[in-house]
Each structure stands twice: as structure tokens, then as C-alpha cells.
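Shown next, in C-alpha cells, is the structure this report addresses.
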Amino acid sequence: MKLNLLSCDTPRPDRRAIAKCIVEISSNMAESLSYELTAILLDGDAVDIELNDKNSGSALRALRKLSIDYEIIE
């Protein structure tokens, strides 16, 4: 499943928690890349990631918990 992460609505987002979440839910992503994608997301640009199909439900819950808006691409 592919997701487009659109924005983060939290007034003071936790960059480390967002990066850790991206690493845990995505398939084959390095931690350094997740920090770069987090910075891009918090700057206001959309980010595409690919999820493992096994844990897609819990991944979507984790993103909602961090107040990250997303759209499902595939």
C-alpha cells in the first residue's frame, strides 16, 4: 500500500516520534531517510511512502495519533 503524507497538524510536532513511526511502518526505509522525509513533511510538502501490507491498519492508527494527514494512493 502506498500513502501520501500530506501534513502534520500538531502545533509542536515531535520530529523524532514521526521519523520513528515512518521507519516502523514503511517497508525498507533507513532511519536517516526517515528524518529527511520528516523534515520535508514538516516544511509543508507531501511525502510518499510504501507500507507493509501486514500492518497497514496499525500504521494508519499511528499516523492519526501523530496528527498526520494522509491519503491512500494504492
* **Shortest non-hydrogen contact between Val23 and Met29, atoms and distance** => CG1-O, 4.2 Å
* Asked: Roughly how far, to the nearest 0.5 Å, is the OG1 atom of Thr38 from the CZ atom of Arg15?
  -> 8.0 Å
* Indicate, with yes or no, if Met1 and Ile25 share a hydrophobic cluster defined by side-chain heavy-atom contacts under 4.5 Å among Ile, Leu, Val, Met, Phe, Trp and Tyr. => yes
* Identify the heavy atoms of Ser34 and Ala19 that sit nearest to each other, and give their distance. => OG-O, 3.4 Å
* Asked: Do Ile68 and Leu60 belong together in a cluster built from hydrophobic side chains that touch within less than 4.5 Å?
  -> yes
* Exceeds 12 heavy-atom contacts within 6.0 angstrom, atom CG of Asp9 -> yes
* **Pairwise side-chain contact, Ile22 with Leu33, heavy-atom cut-off 4.5 Å (strictly under)** => no
* Asked: Just how far is it from atom CG of Leu63 to atom CG of Leu3, taken to the nearest 0.5 Å?
  -> 6.5 Å
* Quick one: CZ on Arg16 to CD on Glu31, what's the gap to the nearest 0.5 Å? -> 10.5 Å
* **For Val47, side-chain contact (heavy atoms from CB on, under 4.5 Å) partners two or more places apart** => Leu5, Leu37, Ile40, Leu41, Ile49
* Under the side-chain contact (heavy atoms from CB on, under 4.5 Å) test, which residues partner Ile73, sequence neighbours left out? -> Lys2, Asn4, Asp48
* Asked: Is any side-chain heavy atom of Cys8 closer than 4.5 Å to a side-chain heavy atom of Leu66?
  -> no
* To do: For residues Asp14 and Ile18, determine if any side-chain heavy atom of one lies less than 4.5 Å from a side-chain heavy atom of the other.
  => no
* Asked: Looking just at side-chain N and O atoms, do Ser7 and Asp69 make a donor-acceptor pair shorter than 3.5 Å?
  -> yes
